[in-house]
Amino acid sequence: MPKDFIREIIARDIEKGVYDRPITTRFPPEPNGFLHIGHAKSIALNFGVAEEFNGVCHLRFDDTNPTTEDMLYVESIQRDIRWLGYDWGEHLYFASDYYERLYQFAETLIQQGLAYVDSASEEEIRAMRGTVTEPGQESPYRNRSVAENLDLFRRMRAGEFEDGTHVLRAKIDMSSPNMLLRDPILYRIKHAHHFRTGDAWCIYPMYDFAHPLSDGIERITHSICTLEFENNRAIYNWLVDHLIPPPQPRQYEFARLEVDYTITSKRKLLQLVTEGHVSGWDDPRMPTLSALRRRGVTPEAVRTFVTRVGVAKTNSRVEIELFEHTIRDDLNYRSPRVMAVLNPLKVIITNYPAGQVEELEASYWPRDIDKEGTRPVPFSREIFIERDDFSLDPPKGFKRLAPGRSVRLRHGYVITCDEAVRDPDTGEVTELRCSYLPDSLGARPRGVKVWAAIHWVDAARSLPAEVRLYDRLFTSPTPDAPEEGKTFLDYLNPDSLKVIATARVEPSVAANPADMRYQFERLGYFIQDSEDSRPDALVFNRIISLRDSWRKKKKQPSAPKQPSRSQPKSTPRAEEPNADRIASEARRQARAANPDLQAAYRKLQETLGLSQREADLITGDIRQVRFFHQAVEVYPHGKSLANWFLNQLLGLAKGRPLSELPITGAAFGKLVKLVDEGVISRNQGKKVLAELVQQGGDPEAIIQTRGMSQISDADALTAVIRQTIADNPDKVAAYRGGKTGLLGFFMGQVMRATGGKANPQMVKKLLEEALSA
RNA sequence: UGGGGAAUAGUUUAAUCGGCAGAACGGCUGACUCUGGAUCAGCUAGUUGGGGUUCGAAUCCCUGUUCCCCAGCCA
């Protein structure tokens with residue numbers, strides 16, 4: 001199981017027994033568009049996590065906006081999820097099913113004085129919301145009585161008001177630095193027809209209201225969404241903590257999947273369709289799941305891809321090569337090989353009897369794939385080969401057919417090119433005259449250099465087919481970040497679709513099911529187009545080409561791809577002190593306002609020998625100073641105390657003020673003293689400190705109950721070191737071979753063996769001696 | 001500019017207590033080959049900058065920088 005931060009959180013919650021129910025997740029699409037590859041990641045995460053932890057995953061349609069949603073999308077979304085291989089069982093839900101309960105929640109909020117009806121206009125509300133730097137102002141309607149709010153809200157529901165005349169808002173904080181907490185709108189009036197509830201409602205809940213409460217209704221445990229909802233978590237918790245009994249669902253955010261050379265914006269996808277840049281939502285060049293399905297990509301490949309990408313919180317953009325590799329890897333094992341020629345060049349086998357036809361038995365699978373099965377391939381005097389596989393004047397490195405050269409016809413004979421017939425006017429090669437070696441079938445001919453094996457089809461017996469070659473839809477890896485003055489449409493790849501009308505396919509495919517995926521040898525993976533292919537007019541989609549190191553080599557002179565998207569490594573220094581010096585500035589002001597602090601600031605420097613910086617960091621807060629002074633009384637070594645204080649204690653405190661922690665200044669001073677005296681090692685000291693921060697107490701007592709001490713006896717340490725060296729001969733060899741980074745490994749081993757009691761300075765010295773011996 | 005997030009090879013991502021920076025994709029060699037595919041072997045390349053603590057820092061402390069999200073009655 002791939003471990004990511006979400007799964008770690010869930011595992012920890014299970015261990016701690018946080019939830020009284022199985023792990024419950026949900027995939028919550030809004031039914032207003034088609035699912036794309038980015039959704040696949042979310043689906044795989046939510047359904048995958050539920051499966052792994054023996055939980056359940058709900059499918060919930062977040063249909064709270066009647067003007068954009070449609071049943072058509074509900075159906076396509078379900079089809080796509082099923083195609084991916086996931087099943088929500090009986091857990092199919094709609095936010096619209098909860099409208100009545102959500103409404104009751106809203107009334108509860110009103111009754112608790114936590115929500116009010118605002119009758120300001122949209123523009124007024126916007127203006128009063130403030131900006132990111134300025135606080136908002138409270139609406140004049142904010143302090144309406146509960147009774148008035150209830151009455152108004154009920155009349156909103158009853159349809160007494162026009163759109164936009166009233167909204168229901170949560171009463172939170174108009175000056176919150178989080179814009180979303182400035183009295184978020186909970187309900188708006190929309191006299192619109194909903195595709196499921198019809199005209200039953202004319203007020204509709206907002207996402208920020210409906211989502212957390214729907215999660216609560218369904219008893220979701222982990223509500224996983226994408227990064228842009230991080231700010232919404234505050235409202236989520238506010239609502240759930242007020243209205244849902246514990247243990248409440250909690251929201252976690254991960255980075256959405258972005259892929260090079262594609263877009264996933266619903267609006268832009270729609271634009272591609274409506275403006276006819278593609279043939280539809282399922283045009284095989286689209287990133288939608290329906291397009292991927294039509295193109296022939298398997299659901300397994302999609303799942304493998306999205307899992308390999310991983311789950312993290314970094315905004316990222318995956319190279320499309322990883323997806324392509326995953327598709328090939330998946331298809332390689334599952335696709336039988338057949339032959340097809342895209343751009344035919346006729347070859348006459350001059351020494352093969354006219355009218356004779358031979359059925360060659362050809363394996364569907366290459367040697368390295370452990371599968372069996374063959375099909376007959378007809379061979380006669382006239383065949384087609386790929387035009388690219390012949391060169392009149394072969395360039396260096398060309399390994400295929402050329403005048404005078406011999407190649408093997410895959411699964412067939414070795415042929416030699418005797419003559420290239422050319423059009424007298426254009427000079428174009430129109431036909432090849434070759435001779436075959438009758439005893440070369442399944443055998444290596446002697447005395448003939450065979451340059452390669454090439455694919456071919458019988459001229460008369462092969463089937464005509466149309467083949468569609470797809471390439472990336474865009475020429476830029478980031479079409480959604482266009483240069484100044486351009487749009488994503490400017491990056492449309494004019495060659496993203498190439499239709500080859502002249503292709504020929506070996507006849508065996510006619511007998512196979514139409515949805516079978518093949519590898520056309522040396523060309524790529526193909527499948528019949530589910531919309532346009534017919535038995536008498538075959539149409540194949542290229543799912544993905546094969547890797548082609550020959551083509552890559554030909555393009556060699558072009559610079560190796562290196563368009564680094566990361567920022568330049570070294571950025572010009574901005575030495576101006578105008579930068580955010582907030583924290584240090586705040587400390588300075590605190591000292592200016594409080595003479596005690598100012599005195600301490602000087603004293604720490606003058607009598608205890610701290611640097612200005614250290615003194616500054618400690619003296620921003622009077623309680624902190626008191627704590628430090630208590631420590632100094634026990635152990636007047638200021639420098640040591642400051643190091644421990646700043647580098648260890650503040651880390652452990654994780655931003656909490658010291659006065660809220662059970663640790664006392666005296667205990668802290670005592671601990672530092674014990675470490676400095678060598679009674680315990682630094683690492684042990686850190687463990688003790690952690691415990692003090694957690695539970696308080698006396699350092700000496702902790703040391704005693706933990707049985708801590710420090711081993712500084714050279715003989716004892718040498719014995720441990722000798723054992724460690726004996727146990728790790730390979731590491732020792734590597735160390736002596738120059739991998740000196742392994743010293744840390746040995747240190748770790750010795751520390752572990754001694755339960756952390758070894759004196760590290762001594763161990764280091766002894767280890768170095770022992771290892772260099 | 002307030003708040004909320006994130007920075008590890010070209011890309012995506014690992015790293016138990018502070019103890020070997022590991023993998024995949026890509027790129028480059030080579031081996032093998034009746035697919036210029038696959039496979040195999042090898043190489044390449046990294047902790048956002050600067051300071052500090054420590055025997056030892058991706059990890060702890062300080063201080064910079066860059067990027068993303070938020071001012072819809074969308075989700």
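Below, chain A is the first sequence line, B the second, and so on; all start at residue 1.
Of the candidates rU63(B), rG36(B), rA75(B), rG36(B) carries the atom nearest the Arg522(A) side chain, counting heavy atoms from C-beta on. Taking only side-chain atoms of Asn332(A), from C-beta outward, the nucleotide of rC20(B), rA38(B), rC69(B) with the closest atom is rA38(B). In the set rC73(B), rU63(B), rU35(B), rU63(B) carries the atom at the smallest distance from any side-chain atom of Arg587(A). The side chain of Asp368(A) has rA38(B) as its nearest neighbour among rG72(B), rA38(B), rU33(B).
Residue contacts for Lys731(A): at a heavy-atom cut-off of 4.0 Å it reaches a base atom on one of the strands shown.
Classification of rC28(B) as anti follows from a glycosidic angle more than 90° from 0. An anti orientation is assigned to rG22(B), its glycosidic angle lying beyond 90° of 0.
Taking atom P on both rG42(B) and rC55(B), the two are 39 Å apart, rounded to the nearest angstrom. Remark: the separation of the C1' atoms in rA23(B) and rA45(B) is 14 Å, to the nearest Å. Rounded to whole Å, the separation between the P atoms of rA24(B) and rA58(B) comes to 23 Å. Rounded to a whole angstrom, the distance from the C1' atom of rU66(B) to that of rG30(B) is 41 Å.
In this structure Asp163(A) satisfies the side-chain hydrogen bond (donor to acceptor under 3.5 Å, both in side chains) test with no other residue, sequence neighbours excluded. Shown here are the salt bridge (Lys or Arg N to Asp or Glu O under 4.0 Å) partners of Arg334(A), two or more places apart in sequence or in another chain: Glu300(A), Asp330(A). Residues that satisfy the side chain to side chain contact (heavy atoms under 4.5 Å, CB included) test with Asn315(A), not counting sequence neighbours, are Leu227(A).
Within the structure, every side-chain polar atom (N or O) of Thr68(A) is placed at least 4.0 Å from both OP1 and OP2 of rA75(B). Contact annotation: Arg317(A) does not reach the phosphate of rG10(B) (side-chain N/O to OP1 or OP2, under 4.0 Å). Distances shorter than 4.0 Å separate none of the side-chain N or O atoms of Arg182(A) from OP1 or OP2 on rC70(B).
One N or O donor and one acceptor, one from the side chain of Asn231(A) and one from the base of rG3(B), sit under 3.5 Å apart. Side-chain N/O atoms of Glu134(A) and base N/O atoms of rU1(B) include no donor-acceptor pair closer than 3.5 Å. Judged by distance alone, with hydrogens and angles left aside, Arg328(A) brings no side-chain donor or acceptor close enough to the base of rG37(B) to form a pair under 3.5 Å.
Judged by distance alone, the side chains of Asp173(A) and Ser175(A) do bring a donor and an acceptor atom under 3.5 Å apart.
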Sequence-aligned protein contact record of nucleotides 51-56 of chain B, with B where the base is within under 4.0 Å of a protein heavy atom and S where only the sugar-phosphate is: -BSSBB
Protein N or O to nucleotides 22-25 of chain B N or O, pairs below 3.5 Å:
from	atom 1	to	atom 2	distance (Å)
rA24(B)	O2'	Arg308(A)	NH2	2.5

For residues 122-129 of chain A, run the donor-acceptor check on the side chains, cut-off 3.5 Å, and write out each pair with its distance to 0.1 Å, sequence neighbours left out.
from	atom 1	to	atom 2	distance (Å)
Glu123(A)	OE1	Ser121(A)	OG	3.4
Glu124(A)	OE1	Ser121(A)	N	2.7
Glu124(A)	OE1	Ser121(A)	OG	3.3

